[in-house]
Amino acid sequence: MIQYYYLGSIALIAIGMYIVIAKRNLIKIILGLDIMDTGVNLLFISIGYVKNATAPIENVPGPYVDPIPQALVLTAIVIGVSVMALALSIAIGIYKKTGTLELDEILGVKK
Amino acid sequence: MTAVVYIILEIIGYIFISIGTFFLLLASIGLIRMPDVYNRMQTATKATTLGALSVLVGIGLIDLWWLPKSLILAIFIVLTAPIGASALARASYKHGVKLWKGSVVDKYKDEKEED
Amino acid sequence: MDLFTIVSIILIIITVITAIIAAEMKDLLSAAIALGIMSLIVSILFYMLQAPDVAITEAAIGAALSMAVVIFAIRSTERWEK
Amino acid sequence: MKKALAIVLAILIFIVFALAFVKIPFGEKMSTYPHYYNPITNQTSNMSLPQHYLTYGKNDTGATNMVTAIVVDYRGFDTLGEVTVLFLASTGVGSLMYVENKVKKKVRRSNAVVETGSKLLFGFIILFGAYIFIHGHLTPGGGFPGGAVIASAFLLLYLAYPKFHAKHEKLSVSESIAGLTFVIVGLIGLIIAGYFLYNFLPFGLPTYLFSAGVIPLIYVAIGVKVGSELTAIVDSMMGVRE
């Protein structure tokens, strides 16, 4: 039986993949990459969850959840936004050169 | 003696929470009933601010350990809600959202002509 | 079915719906706002999965900074997807 | 046609991932995880890696928050690399968005309520960010969320005052000092004990502010670094005014 958290995060990854494949707008593609990023983060955190456990802060006793995925995702989110800003500034540079954001017009593909 | 004081505080706290919930209910009704953007925004900030403040004070009175934290939260709601609402209303006015036809006062109009 | 399961299923469904809205909107500004809502709900999910550190980070970055960066980019390019 | 193909591909990916995740348990106890193998001593521990961290972490690092212990102490070198990636991204955005003569267009002043309110709130938000990264080893939070909160305070100023500009020179000074602090603390550990980022300060009592050795020092450095880099990114993206 597959768990609902895994299903949700895999759905996010698939939606991001769909945007990257089907859409031809640069900013939309970058938004799709961000959705995929969020999906992967959610997948990691949900793998590390333990039932009836508390956050890994040792003020309170009891079983804790797995701290390693949290430590990985904590840095991944900050890296994600800075890389997205870099990609967006590249898209702005392309817009300044060509005057459009559509990939087909930039590459000169005939419809 | 102290037990009686705690019980009275708890009752007052629940009264505050019910008042707050009532105002939140009014706010959500107004969000549906009001005719245009600006009136809706007014219900969504004014009534919601009052409701959230009463709920926070009520929680603080029921459990006194939470009183300082809930008062800090209340101060921040009072500080932030009007800022956001005024910025949104101004942006929608500059963007050309029409007033409701029954509106009487339009003070932004004069300022806009000065710009 | 306990409360945790029900609330998580509802929040996950809202997350997926906002992601689909962000995918299908022709208006890039609306897509960015849908993305911000998705980030906020995902931060609630992180909090429910007992990861408060990650929840704080996601709420501060996903809902504020990332949306601001996208909106600045849309402002200096164009708003509508063809 | 292309859209239908993309939908089919996305559904295919969904099915493959879902099949791959059928066997992976959700919410299981950590005792079911594979056990931790130490390649240096060539021994298999009697507990899994997260259990090892949770059991010995408090004695090894002195931090109360285990996520902080892993980010700054066990995987501190990894974090140095990630901060470097952040620095590179910030530099890239700055160099791509550089405009020589910034167009001085008449910008519309914002609302009086917004200006006064943001002036009032700015200090509080900076204070909250500093609180988050100073208490990183005790409570949820740390350098990365604290830096993001500080950057969002600057974002509020940008929205309230359209002419406001953070000085890039000052941002780069604070960012470089924070990065140098990180590397120098690591190098001192290398000199004293023979490996990078050795925790050379006394641990103190757990759950006190001055505890956990060098972890608060490094996390404050990370907070200042992330805050100034994200502010620089926001400033560069804002910089184009046409």
Side-chain angles (χ1 to χ4, degrees), chain A residues 4-5 7-9 11-12 15-16 18-19 22-28 30-32 34-35 38-39 41-42 44-46 48-51 53-57 64-65 67 69-71 73-78 80-82 84-85 87-89 91-92 94-96 99-102 104-105, chain C residues 2 4-6 8-9 11-26 28-29 31-32 34-35 38-39 41-43 45-62 64-82:
Chain A
Y4 42 93
Y5 268 103
L7 274 182
S9 31
L12 286 186
I15 292 168
Y18 161 72
I19 294 177
K23 304 286 172 178
R24 306 302 284 172
N25 187 300
L26 282 177
I27 289 183
K28 205 53 172 291
I30 294 167
L31 294 186
D34 195 45
I35 291 176
T38 312
N41 291 341
L42 187 57
F44 265 50
I45 296 285
S46 55
Y49 180 67
V50 176
K51 259 181 199 135
T54 57
I57 295 161
Y64 304 112
V65 298
Q70 299 193 13
V73 168
L74 186 66
T75 50
I77 291 173
V78 182
V81 70
S82 62
M84 194 173 82
L88 282 172
S89 55
I92 292 173
I94 292 174
Y95 182 81
K96 274 184 195 160
T100 177
L101 277 177
E102 305 294 317
D104 290 340
E105 296 176 24
Chain C
D2 49 348
F4 176 83
T5 315
I6 297 166
S8 348
I9 288 177
L11 288 178
I12 288 170
I13 290 171
I14 297 173
T15 312
V16 174
I17 288 173
T18 43
I20 292 173
I21 290 173
E24 286 306 323
M25 276 284 179
K26 288 284 179 198
L28 289 175
L29 202 59
L35 206 71
M38 191 195 79
S39 285
I41 293 168
V42 167
S43 87
L45 282 176
F46 284 153
Y47 185 73
M48 287 175 64
L49 289 170
Q50 301 290 339
D53 309 71
V54 187
I56 294 174
T57 318
E58 179 78 28
I61 284 188
L65 278 175
S66 131
M67 232 174 83
V69 167
V70 175
I71 287 172
F72 290 155
I74 290 170
R75 198 180 62 173
S76 53
T77 56
E78 36 180 53
R79 184 175 163 181
W80 298 94
E81 180 195 7
K82 275 169 208 147

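Scope of the values below: all heavy atoms of this structure, side chains included, with no hydrogens, waters or symmetry mates. Chain A is the first sequence line, chain B the second, and so forth, proteins listed ahead of strands; every chain is numbered from 1.
- Considering OG1 of T15(C) and CD1 of I35(A), their distance stands at 11.0 Å, rounded to 0.5 Å.
- For G8(A) against I12(C), the heavy-atom pair with the smallest separation is CA-CG2, 3.6 Å.
- Note that CG of N25(A) is 7.5 Å distant from CD of E78(C), once rounded to the nearest 0.5 Å.
- When the shell of 6.0 Å around OH of Y95(A) is examined, it contains more than 12 heavy atoms from other residues, nucleotides or ligands.
- In this structure, OG on S43(C) lies 9.0 Å from CD1 on I77(A), to the nearest 0.5 angstrom.
- The candidate with the highest count of non-hydrogen atom pairs below 4.5 Å against chain C, out of I45(A), I30(A), I19(A), is I45(A).
- Of all the heavy atoms in A19(C) and L12(A), the pair that sits closest is CB-CD2, 3.6 Å.
- Using a 4.5 Å cut-off between heavy atoms, A22(A) does not touch chain C at all.
- Taking the six-membered ring where the residue is Trp, F4(C) and Y49(A) present parallel rings, their angle staying beneath 30° rather than reaching 60°.
- The two residues S66(C) and D34(A) come nearest to each other via the heavy atoms OG-OD2, 4.1 Å.
- Contact tally against chain A (heavy-atom pairs below 4.5 Å) for L45(C), I13(C), L11(C): the top residue is L45(C).
- With a 4.5 Å cut-off on non-hydrogen atoms, L101(A) touches chain C through its backbone and its side chain both.
- For V50(A), no part sits under 4.5 Å from any heavy atom of chain C, backbone or side chain.
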_Worked check of side-chain contact (heavy atoms from CB on, under 4.5 Å) between V70(C) and M84(A)_ = CA-CA 9 Å; V70(C) 175; M84(A) 194 173 82; 3.6 Å; yes
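- Of the atoms belonging to L49(C), heavy atoms from both backbone and side chain fall under 4.5 Å from chain A.
- For the pair K28(A) (side chain) and A23(C) (backbone), a donor-acceptor distance under 3.5 Å is present.
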*Between F46(C) and L42(A), does a side-chain contact (heavy atoms from CB on, under 4.5 Å) hold up when you go through it step by step?*
CA-CA 7 Å; F46(C) 284 153; L42(A) 187 57; 3.8 Å; yes
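- By the 4.5 Å heavy-atom criterion applied to side chains, T38(A) and E58(C) are counted as neighbours.
- In this structure, V54(C) and N41(A) have side chains that are not in contact, with every pair of non-hydrogen atoms separated by 4.5 Å or more.
- Evaluated for a side-chain contact (heavy atoms from CB on, under 4.5 Å) with T77(C), the options T100(A), L88(A), I27(A), I94(A) yield exactly one hit, I27(A).
- In this structure, the portion of A11(A) lying under 4.5 Å from any heavy atom of chain C is its side chain and not its backbone.
- Remark: side-chain polar atoms of Q70(A) are paired, donor with acceptor, to backbone N or O of Q50(C) under 3.5 angstrom.
- One finds the CE atom of M38(C) at 9.5 Å from the CG atom of L31(A) (value rounded to the nearest 0.5 Å).
- If you tally non-hydrogen atom pairs under 4.5 Å between each of I15(A), I57(A), V65(A) and chain C, the highest count goes to I15(A).
- Heavy atoms only, all atoms of each residue included: S8(C) and Y5(A) are closest at CB-OH, 3.2 Å.
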